[in-house]
Amino acid sequence: MPLVMKISEETIKKATGQFDLETVYKLSMQQMGLKRIEGLTLCPNLTELDLSHNNITRIEGLDALDELKRLKIADNQIERIENVSLLNSLETLHLEGNKISNLDEVQMLSKLPCLRHLSFQTSSSELRNPVCDHPGYYPAVRRMLPLLDSLDGERTVLADAAVPQVTPLENLMLPTPIPWIKDYSFETDAPSKLPPLEGVQAFDEALTDCKRLSARAQSLIDDYKQIPSK
């Protein structure tokens with residue numbers, strides 16, 4: 001039977017090796033059989049707290065942690081998101097592997113002004129919450145928490161990037177091509193806007209330029225075809 005412990009002055013000192021608990025900034029108490037979050041008023045300056053892999057059923061006992069920036073309570077027995085409204089400095093929250101099933105619970109996190117990173121499941125889905133199976137999970141969380149930088153380890157900026165809107169190829173309007181040598185005259189005595197072509201060499205140069213432009217135009221059309229349409 002696993003040892004069941006409590007968060008107390010003694011267990012905090014044992015976990016951190018420090019005796020002045022006001023100077024404890026990081027506390028990790030994983031896999032210790034914890035059932036409750038308590039006793040943390042002894043460490044008012046905590047910035048990181050890891051209580052993963054325990055048997056905690058409720059989020060509580062965090063009100064005194066004004067400086068807390070990172071909270072990990074993954075792989076516990078938590079069903080609701082509660083008692084977090086005073087965590088004004090919290091930037092990162094790991095909740096993967098709990099029992100949260102209602103999307104409405106996420107709304108509680110909208111009160112946290114600094115929250116930027118949130119996890120309800122691991123990238124491998126090894127640890128997840130039932131809420132992740134909701135068909136509207138991702139867009140709903142993003143709508144309720146628009147300031148998130150990452151959700152479940154994925155950067156929201158990349159996930160939200162839309163496919164560029166392009167005009168379908170069949171609707172592409174190209175200008176009517178203008179003949180390259182339309183203003184040249186092959187007759188030395190005929191009027192023209194440009195000097196007449198002088199001999200075969202000049203004609204070959206003009207023809208080569210036409211071929212280059214044609215190849216360039218074809219290349220642009222081929223590139224356009226590669227752009228995915230939505």
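In this text, all values refer to a predicted model and were calculated from it rather than measured experimentally.
Grouping the Ile, Leu, Val, Met, Phe, Trp and Tyr side chains by contacts below 4.5 angstrom, directly or via other members, places Tyr25 apart from Ile12. Using a 4.5 Å cut-off between side-chain heavy atoms of Ile, Leu, Val, Met, Phe, Trp and Tyr, with links allowed through other members, Leu95 and Val84 fall into the same hydrophobic cluster. Hydrophobic clustering (side-chain heavy atoms under 4.5 Å, transitive across Ile, Leu, Val, Met, Phe, Trp, Tyr) keeps Tyr137 apart from Leu127.
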Going through the distances and angles, do Glu82 and Arg58 end up as a salt bridge (charged side-chain N to carboxylate O under 4.0 Å, His left out)?
-> CA-CA 8 Å; Glu82 55 188 339; Arg58 189 181 181 204; 3.3 Å; yes

Should Leu49 and Leu40 be marked as a side chain to side chain contact (heavy atoms under 4.5 Å, CB included) after you check the CA-CA gap, both sets of side-chain angles, and the distance that decides it?
-> CA-CA 10 Å; Leu49 175 62; Leu40 294 177; 3.6 Å; yes

Side chain to side chain contact (heavy atoms under 4.5 Å, CB included) between Leu109 and Leu93, intermediate numbers included = CA-CA 10 Å; Leu109 300 175; Leu93 176 59; 3.7 Å; yes

Passes side chain to side chain contact (heavy atoms under 4.5 Å, CB included), His94 versus Ser119? Steps please.
-> CA-CA 5 Å; His94 287 268; Ser119 294; 3.8 Å; yes

Could you check Leu115 against Leu147 for side chain to side chain contact (heavy atoms under 4.5 Å, CB included), going step by step and ending with a plain yes or no?
-> CA-CA 8 Å; Leu115 186 65; Leu147 298 180; over 6 Å; no

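Looking at heavy atoms from C-beta onward, Ile73 lies in side-chain contact with Leu71 at the 4.5 angstrom threshold. Side-chain contact check for Ile37 versus Ile56: some heavy-atom pair is nearer than 4.5 Å. Within the 4.5 Å cutoff, side-chain heavy atoms of Asn54 are placed close to those of Met32. Between Ile7 and Leu34 the shortest side-chain heavy-atom distance falls below 4.5 Å. You'll find the side chain of Leu145 stays beyond 4.5 Å of the side chain of Leu151, heavy atoms only. The shortest side-chain heavy-atom distance between Lys6 and Arg36 does not fall under the 4.5 Å cut-off. Put simply, the side chain of Leu112 does not reach to within 4.5 Å of the side chain of Asn88, judged on heavy atoms. Residues Asn45 and Glu22 form a side-chain contact, since some pair of their non-hydrogen atoms from C-beta on lies under 4.5 Å apart.
The two residues Asn98 and Pro130 come nearest to each other via the heavy atoms O-CD, 3.7 Å. Shown here for Thr41 and Pro44, the closest heavy-atom pair between the two residues is O-CD, 3.6 Å. Smallest separation of non-hydrogen atoms from Phe120 and Asn129: O-ND2, 2.8 Å. The heavy-atom pair separating Thr16 from Lys26 by the smallest distance is CG2-O, 4.0 Å. Between Thr156 and Leu148, the shortest heavy-atom distance links the atoms OG1-O, 2.8 Å. Here the closest heavy-atom approach between residue Ser28 and residue Ala15 is recorded as O-CB, 4.0 Å.
With rounding to the nearest 0.5 angstrom, the OG atom of Ser89 is 5.0 Å from the CD atom of Glu67. Between atom CG of residue Leu87 and atom CG of residue Asp63 there is a gap of 7.5 Å, rounded to the nearest 0.5 Å. For the atom pair CD (Gln31) and CG (Leu51), the distance works out to 12.5 Å, reported to the nearest 0.5 Å. Atoms CG and OG, on Leu90 and Ser85 in that order, are 12.0 Å from each other to the nearest 0.5 Å. Note that SG of Cys43 and CG of Leu21 are 4.5 Å apart. Values are rounded to the nearest 0.5 Å. One finds the CD atom of Glu154 at 5.0 Å from the OH atom of Tyr138 (value rounded to the nearest 0.5 Å).
When each of Asp66, Leu62, Leu27 is paired with Leu46, the side chain to side chain contact (heavy atoms under 4.5 Å, CB included) condition holds for Leu27 and for no other.
Looking at residues two or more places apart in sequence or on another chain, you find a side chain to side chain donor-acceptor pair (under 3.5 Å) between Gln30 and Asp50. Applying the side chain to side chain donor-acceptor pair (under 3.5 Å) criterion to Gln121, with sequence neighbours excluded, gives Arg128, Asp152. Scanning for side-chain contact (heavy atoms from CB on, under 4.5 Å) contacts around Thr23 gives Gln18, Asp20, with sequence neighbours left out. By the side chain to side chain donor-acceptor pair (under 3.5 Å) test, Glu9 is found to be paired with Lys13, residues two or more places apart in sequence or in another chain being considered.
Checking side-chain atoms of Asn76 against main-chain N and O of Asn55 turns up a donor-acceptor pair under 3.5 Å. A donor-acceptor pair is defined here as one N or O able to donate and one able to accept, closer than 3.5 Å; no such pair exists between the side chain of Thr47 and the backbone of Lys69.
Among residue pairs with one or both ends in residues 95-110, those qualifying as salt bridge (Lys or Arg N to Asp or Glu O under 4.0 Å) are Arg80-Glu105; sequence neighbours excluded. Annotation: salt bridge (Lys or Arg N to Asp or Glu O under 4.0 Å) contacts involving residues 111-127, sequence neighbours excluded, are absent.
Within a 6.0 Å sphere centred on CD of Gln77, other residues, nucleotides and ligands contribute more than 12 heavy atoms.
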